[in-house]
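Below you'll find the structure, written out as structure tokens, and then a few comments.
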Amino acid sequence: MASIAQVEPLTSARALRGPFDYALPEEMRERVGVGSMLVVPFGHRELLGVVVGLTEASSVDRERLLAPRRTVEADVPVDLVELAGWIALEYCSTPARALSLVLAPGAGSGVHSLARLVAELTAAGREAPAAGVRLTAVQRAVLDRLADAGSAPAAATGAAHGTLRRLEARGLVRLHRRPLARAPEHVAVGSRTAGTVTLGADQRRALDGVCEAVAARRFDELLLHGVTGSGKTEVYLRAAQAVLEQGRGVIVLVPEIGLTPQTVGRFVARFGETVAVAHSRLGAGERYDEWMRLRRGEARICVGPRSAVFAPIEDLGLIVIDEEHDSSYKHEGDPRYDARHVAARRARQAGAVLLCGSATPRPESYARLRRLVLASRVDGAPLPAVEVLDMCGASGALHERTAAALGALRRGGGKAIVLLNRRGWSNFLSCRSCGKVWGCPECDVALVLHRADGMISCHHCGHRQRVPASCDACGSSSVARHGFGNERLEHELVAALGGDDYPIFRLDADVAGAKGRAASVLARFERAPAGVLVGTQMVAKGHDFDGVGLGVVLDADATLRFPDFRAEERTFALVAQLAGRAGRGGTDGRVLVQTLTPGARSIVAAARHDSEGFLAGELERRRALRYPPYGELIRIVCSSDREGVALAAARELRSRLTLTDAQLLGPAPLFRLRGRERAQIVIKAADRLAAVAAVGEAVAVPLHRDASISVDVDPQ
Ligand code: ADP
Ligand code: ZN
Ligand code: ZN
């Protein structure tokens with residue numbers, strides 16, 4: 001048994017890089033392996049660390065090696081330690097930061113003690129009060145309280161921990177940690193069929209394709225390209241079943257649980273206790289419990305958002321990525337990992353099948369993956385007719401045809417979804433007399449009016465201030481509001497259509513801020529016999545509502561105005577996904593798309609439901625410009641709160657980068673964010689490994705005392 005552990009201390013400091021050697025005392029050797037968590041002395045501190053290797057030889061004299069203080073429960077599986085090592089390199093991050101992704105939730109912070117302790121009455125305990133066993137008043141009260149249900153959470157017994165332990169010592173109660181009844185309330189939103197269904201021919205063929213790959217028990221990647229409502233989830237469920245029957249485990253990634261409760265609900269309904277849900281709404285203790293259930297193999301399926309790709313499932317057979325085009329799969333903190341890319345790596349490592357599903361797949365997936373197609377909706381209904389409305393010269397928010405369609409729907413008592421991908425009331429305020437525009441003091445962007453709060457706020461840093469009554473530059477009290485966002489749109493729709501029998505629901509990040517609110521808005525819209533749901537892209541996620549007769553997209557080209565090579569892809573997906581919400585469950589659907597650029601390729605293709613045509617054109621364009629998947633992109637941002645430093649650091653960094661067969665763009669200044677100037681370099685490279693390695697090397701050496709660097713491989 002190895003006597004020296006190589007430990008990576010978990011610290012976010014970039015400069016501190018392990019692993020460091022520690023001498024294992026005899027009694028630890030048997031218990032400690034790769035993935036074990038240890039508390040180790042480090043300088044004057046104690047740090048939590050993960051064992052990444054074992055050895056007999058160290059470059060440090062054996063007598064000088066320190067011993068770990070203690071071990072911590074919840075060790076990490078070896079394959080996840082390996083995966084973290086890969087992530088650290090792949091995303092130019094540090095081993096410690098990458099390891100922190102794969103640990104048990106709250107590991108080392110004492111969270112596990114929060115896990116719910118359950119007290120259960122034993123047979124002796126049940127008889128004790130009547131049998132005249134000597135009991136204190138408190139003990140008696142605990143036994144009484146437990147008598148009804150037989151068991152209860154320790155906290156609910158009203159007794160102190162010591163009391164319960166003493167009762168346990170006397171054999172009157174049993175204490176154990178119980179995984180909580182997971183998945184708190186899965187508000188049932190938009191799922192029609194409860195029982196099992198007979199697969200359609202397309203679904204059958206797709207499932208056969210997946211099952212064949214699963215049976216081969218080796219790495220494979222598939223794309224389930226199915227129009228909205230074509231029954232993709234049913235294919236995931238059956239594929240998961242097949243994998244469980246092989247005795248292997250499954251990970252199902254979903255965009256956001258709050259917005260896709262129905263997918264989670266269907267997995268829980270089908271597989272019960274076998275499912276662990278990684279839900280941000282769970283408390284730290286509950287998340288830890290779910291993690292342990294997976295770790296111990298009590299649960300074999302994990303459903304959750306991007307971080308579920310790190311679920312501690314042994315012998316993984318399948319990873320499903322639902323709505324694989326969704327931007328939430330990219331993590332926006334260091335390491336800036338992409339759960340889709342990590343999932344592919346993990347599937348390869350485990351010899352598992354990766355199944356990506358979407359109605360609007362990414363061009364990368366379309367080009368790279370073997371495709372299984374679901375061409376039509378389960379109910380056989382045609383996709384709704386889409387009409388593009390030119391807004392050039394229009395003044396109000398709604399085109400007259402949109403207003404007319406909404407009016408007709410109101411009279412007929414139908415439902416509509418209206419999408420405007422902008423929060424707030426007005427985009428910005430300006431002074432009518434001197435032209436001042438109210439901007440964020442920390443960022444170079446305009447502040448957005450949120451009328452209900454009486455605030456103007458920055459959508460980048462969260463800065464808020466009161467709505468000005470007059471201009472602080474010239475004193476004029478004439479302040480103009482420009483543009484419109486969801487809050488104002490809701491207000492106008494209420495004025496035009498609203499009534500007791502015709503509710504208008506709004507769903508955006510402001511409304512959904514409180515946990516669980518999004519699901520409740522969606523559930524109320526579903527239950528309402530008629531009404532309008534208005535909101536940001538949140539309203540276009542995979543909901544499956546009956547009876548939506550009209551879908552409207554306002555300012556469909558807003559996403560096109562971003563200087564971003566994914567602008568077309570995003571616009572197409574947004575329109576196509578919204579169109580997918582209309583005309584389900586026997587209702588005729590119709591979609592109106594308001595835009596200033598009715599001829600834009602992405603909008604024309606979305607209006608024709610021509611996903612393949614769009615993807616083919618998009619891939620051609622990307623090939624010409626050497627964008628992904630025909631080239632690799634890496635973005636490096638230098639930032640500083642001192643003037644001029646960001647740009648200077650970026651220049652210095654650029655001079656360090658020597659790359660062949662790659663294009664270096666920049667440094668280019670970016671707008672100031674959170675009080676920091678920023679400058680970016682973009683690398684377009686043919687060879688990913690070489691580019692990542694070169695960047696990793698360049699950023700490993702400190703650049704400038706006052707500059708920080710962030711590296712984004714595969715920026716979104
Ligand atoms: P998608 O994920 O492709 O948008 P879903 O899987 O949500 O589609 O399926 C849409 C609806 O059709 C769901 O309510 C689902 O239960 C139902 N469904 C799926 N497959 C079938 C089938 N073979 N027969 C009848 N209903 C089905
Ligand atoms: Zn002014
Ligand atoms: Zn700001």
Testing the basics here: between D687 and A690, what is the closest heavy-atom pair and its distance to 0.1 Å?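 Closest heavy-atom pair between D687 and A690: OD1-N, 3.2 Å.
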
Closest approach of R300 and D315, non-hydrogen atoms and distance?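 Nearest heavy atoms, R300 then D315: NH2-O, 4.0 Å.
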
Indicate yes or no: at least one non-hydrogen side-chain atom of [X] is less than 4.5 angstrom from one of [Y].
X    : Y    : result
C302 : I313 : yes
V682 : L633 : yes
L222 : C356 : no
V303 : I301 : yes
R70  : L38  : no
R371 : E612 : yes
L80  : L83  : yes
I4   : L24  : no

With a 6.0 Å cut-off on ring centres, are Y337 and F310 close enough?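 Yes, close enough.
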
Side-chain donor/acceptor of [X] to backbone N/O of [Y], under 3.5 Å:
X    : Y    : result
Y236 : L355 : no
S640 : D706 : yes
S328 : P255 : yes
R678 : F671 : yes
R656 : A698 : yes
D61  : R64  : no
R62  : A57  : no

May I ask you to check whether over 12 heavy atoms, not counting those of [X], lie within 6.0 Å of atom [atom1]?
X    : atom1 : value
E652 : CD    : yes
R621 : CZ    : yes
E332 : CD    : yes
E697 : CD    : no
R623 : CZ    : no

Between [X] and [Y] (salt bridge meaning N to carboxylate O under 4.0 Å), is one present in this structure?
X    : Y    : value
R295 : D75  : yes
R97  : D334 : yes
R676 : E442 : no
R340 : E364 : no
R306 : D326 : no
D322 : K232 : no
D610 : R601 : no
R368 : E221 : yes
E290 : R287 : no

Please work out which of the three classes, parallel, tilted or perpendicular, describes the rings of Y91 and W86, given edges at 30° and 60°.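 Ring orientation of W86 relative to Y91: perpendicular.
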
Examine the side chains of [X] and [Y] and answer whether a donor and an acceptor come within less than 3.5 Å of each other.
X    : Y    : value
S93  : R336 : no
S358 : H225 : no
E569 : S602 : no
S639 : E677 : no
S365 : E324 : yes
T536 : D508 : no
R674 : H460 : no

Which pairs with one or both residues in residues 685-716 pass ring pair (Phe, Tyr, Trp, His ring centres under 6.0 Å), sequence neighbours excluded?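 The answer is none; no pair qualifies.
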
Write out all pairs satisfying ring pair (Phe, Tyr, Trp, His ring centres under 6.0 Å) with one or both partners inside residues 642-669, taking only residues at least two apart or from two chains.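 Every candidate ring pair (Phe, Tyr, Trp, His ring centres under 6.0 Å) pair involving residues 642-669 fails, so no pair, neighbours aside, qualifies.
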
Ring-face cation of K684 near Y627 (centre distance under 6.0 Å, axis angle within 45°):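 Positive - K684 is close enough to the ring of Y627 and near enough to its axis.
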
So, applying salt bridge (Lys or Arg N to Asp or Glu O under 4.0 Å) with D714, which one of R688, R635, R362 is it?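 Answer after filtering R688, R635, R362: R688.
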
Derivation and outcome, side chain to side chain donor-acceptor pair (under 3.5 Å), residues Q6 and T55: CA-CA 7 Å; Q6 301 171 311; T55 180; 4.9 Å; no

